[in-house]
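Notes follow once the structure below has been shown.
First the proteins, then the strands, lettered A, B, ... as listed; each starts at 1.
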2 protein chains.
Amino acid sequence: MAIERRPLRDQIREELMLRLERGDFAAGTDINEAVLAGELGVSRTPLREALITLAGEGVLESNQGRGFRFAPVSRKEFRELCAIVAALEALALESSDPAHLREIAPELLRLAREFSVDVAARQEIERHDDEWHDLLLSGCGNERLLDLITSVKAGMRRYTHLMSGDGTPTARAAEEHRRIAERLLEDDLQGAVSALRDNWVNGMERMIPRIP
Amino acid sequence: MAIERRPLRDQIREELMLRLERGDFAAGTDINEAVLAGELGVSRTPLREALITLAGEGVLESNQGRGFRFAPVSRKEFRELCAIVAALEALALESSDPAHLREIAPELLRLAREFSVDVAARQEIERHDDEWHDLLLSGCGNERLLDLITSVKAGMRRYTHLMSGDGTPTARAAEEHRRIAERLLEDDLQGAVSALRDNWVNGMERMIPRIP
DNA sequence: ATGTAATATTTTGTATGCAGAATTCATAGT
DNA sequence: ACTATGAATTCTGCATACAAAATATTACAT
């Protein structure tokens, strides 16, 4: 049995991200450290450490004397984040090992098709989408880049719970994934890259109207 | 008089970055929190908070039970960082306000020329280069992107003190800056973007041999 | 001399305590 | 009724204290 042996701050960070995705915290709300620490059953010290890392990722804001609060969402910021992730994922895909891409292309296509028929819960969809992108970029040797993408995407999780119901996004995302996979099957890397960029742009457009 | 009122962790972070640039810490060395806190005249708590943010930026590594240490440098990582910053700055430049770019182009050109004749100290050169890039991207409205660039560049500061003496890099960098500015003067945004990418690629090639 | 087990020391990770800033609430004045 | 002022409270930011893990040291057996 591999017992859990890692800093509390990491576990706390994870738990907070989970709650954030569930929409437990309204954006723009102040965090009460003592209360939250009590809920989690830890002291304020590791909690604050987790909050500081989240602030570094842009999930939280911190003001002198006023503590931390969940950064408010805005269409402008969402657009900014999408542009950033699009560029980073495009770079990651471009610098991936072509042989590896050829290898995983069929799997990517299969998952994309499976995705389209699947009418799962919203959270399932998110997870599936994340995993698909992870697989897509699994051939990128640039570790720093992958870390950075993960970090920026963490900042985007604040927006995911705004998207509920409505099956059309799923269908369209699947369609786009399929297109990316097909380009890879044809050894058309640049085509795949621009299809990936389209995927992010379209995903953004789909989300924008739901943001206040 | 605007008195300084900001968290110790920020000031500590700044001080540590300064020391890092001066080459005070050898990469790969463990940090003793108690000793360092003593040197800085603060307690371990805000110091650890600063260390955690630096770890988030990739300047430090942290291992369970073993605390923090300066992340070792490597050619591979430097290449990775350059590729990331190149992509991010390219995106920032692309999404800048064209009118603003037209406006600052002459100033950018002037600074680039001034740069080439100036034979200042290494630290001065770095500062100048940073300011030039800041001005170049000053028309980008994507705040998250600018923050991210700053953060990634912080991780690159570990490499700057490896570059000493040797005037040729300066001359070539000035030349490249000049080229970028000229493209902007001609309203050739895409040309400027690719010149910017070249600037990073070339800068990388110049540095690589100096890294163990 | 070398390797190993037991112990002591150091150092990190977490909890608690405390001072001061920010906010809230009550009260007085217009 | 509304604003201003000031006390009371809450909460953060930082310091200190404690517990557990890691490292160094010693003693001992081979």
Side-chain angles (χ1 to χ4, degrees), chain A residues 1-20 24-72 158, chain B residues 1-20 24-72 151:
Chain A
M1 177 190 78
I3 65 168
E4 191 144 330
R5 180 166 302 293
R6 63 182 174 138
L8 276 185
R9 61 169 177 277
D10 288 356
Q11 301 179 49
I12 293 171
R13 180 188 168 286
E14 210 163 278
E15 174 63 23
L16 290 179
M17 286 302 299
L18 226 71
R19 295 191 180 195
L20 184 66
D24 285 10
F25 308 106
T29 330
D30 286 1
I31 288 177
N32 185 318
E33 297 175 7
V35 171
L36 188 52
E39 274 182 39
L40 296 170
V42 297
S43 83
R44 280 180 55 215
T45 308
L47 170 61
R48 278 178 61 86
E49 293 182 345
L51 296 178
I52 286 169
T53 65
L54 287 175
E57 290 173 324
V59 178
L60 299 176
E61 289 178 350
S62 83
N63 297 313
Q64 167 67 281
R66 222 165 297 183
F68 298 88
R69 65 176 215 169
F70 285 92
R158 289 179 295 141
Chain B
M1 179 189 77
I3 64 169
E4 184 150 329
R5 182 166 301 292
R6 63 182 175 139
L8 274 185
R9 60 169 178 276
D10 289 356
Q11 302 179 49
I12 293 172
R13 181 189 166 285
E14 212 163 275
E15 174 64 23
L16 290 180
M17 286 301 299
L18 226 71
R19 295 191 180 195
L20 184 66
D24 286 9
F25 308 105
T29 331
D30 286 2
I31 288 177
N32 185 318
E33 296 176 7
V35 171
L36 188 53
E39 275 182 39
L40 297 170
V42 297
S43 84
R44 280 179 55 214
T45 308
L47 170 60
R48 278 178 61 87
E49 294 180 347
L51 295 178
I52 286 168
T53 65
L54 287 175
E57 290 172 325
V59 178
L60 300 176
E61 289 177 349
S62 82
N63 299 312
Q64 165 67 273
R66 222 166 297 184
F68 298 88
R69 65 176 215 169
F70 285 92
S151 173

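- Using a distance-only test at 3.5 Å, with no hydrogens or angles considered, a donor-acceptor pair links the side chain of A/R158 to the main chain of A/A71.
- Rounded to an integer number of Å, the gap from CD of A/E49 to P of C/dA15 is 10 Å.
- As a whole-Å value, the separation of B/R6 CZ from D/dT12 C1' is 18 Å.
- Residue B/N63 is in sugar-phosphate contact alone, with no base atom involved, counting any heavy-atom pair closer than 4.0 Å across all strands shown.
- Taking atom CZ of B/F68 as the reference point, atom P of D/dA22 lies 15 Å away to the nearest angstrom.
- Nucleic acid contact class of A/I12 (heavy atoms, under 4.0 Å, all strands): none.
- Close to D/dT12, at under 4.0 Å from its OP1 or OP2, lies no side-chain N or O of A/R48.
- Note that CD of B/E39 and CG of B/L47 are 10.5 Å apart. Values are rounded to the nearest 0.5 Å.
- Between B/L36 atom CG and C/dT11 atom P there is a gap of 13 Å when expressed in whole angstrom units.
- With distances taken from any side-chain atom of A/N32 to the nucleotides D/dG13, D/dC11, C/dT12, the minimum falls on D/dC11.
- Of the candidate nucleotides C/dT12, C/dT14, D/dT12, D/dT12 has the atom lying nearest to any side-chain atom of A/E33.
- D/dC11 atom P lies 14 Å from atom CG of A/L47, rounded to whole Å.
- Following rounding to the nearest Å, A/I31 (CD1) and C/dA22 (C1') show an atom-to-atom distance of 17 Å.
- For B/T45 and D/dC14, the shortest distance from a side-chain N or O to OP1 or OP2 is not below 4.0 Å.
- Along DNA chain C, the nucleotide closest to A/G65 and the one closest to A/P7 are compared, and the more 5′ of them pairs with A/P7.
- The side chain of B/Q64 lies closest to C/dG13 when the candidates are D/dA15, C/dA15, C/dG13.
- Computed from coordinates, the B/R9 CZ to D/dC14 C1' distance equals 11 Å when rounded to whole Å.
- Nucleic acid contact class of B/R66 (heavy atoms, under 4.0 Å, all strands): sugar-phosphate only.
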Worksheet item: What do the steps show when you test B/R6 against B/E14 for salt bridge (Lys or Arg N to Asp or Glu O under 4.0 Å), and what is the final call?
Response: CA-CA 12 Å; B/R6 63 182 175 139; B/E14 212 163 275; 3.3 Å; yes
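- Residue A/D30 is out of contact with every strand shown, counting any heavy-atom pair closer than 4.0 Å.
- Side-chain proximity of A/P46 to the nucleotides D/dA15, C/dG13, C/dA15 is greatest for C/dA15.
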Item to complete: Apply salt bridge (Lys or Arg N to Asp or Glu O under 4.0 Å) to A/E61 and A/R66, showing your working.
Response: CA-CA 10 Å; A/E61 289 178 350; A/R66 222 165 297 183; over 6 Å; no
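- Between A/E57 and A/R13, at least one side-chain N (NZ, or NE/NH1/NH2) sits under 4.0 Å from a carboxylate O, which counts as a salt bridge.
- Rounded to an integer number of Å, the gap from CZ of A/R69 to P of C/dT23 is 11 Å.
- Of the side-chain N and O atoms in B/R44, none sit less than 4.0 angstrom from OP1 or OP2 of C/dT12.
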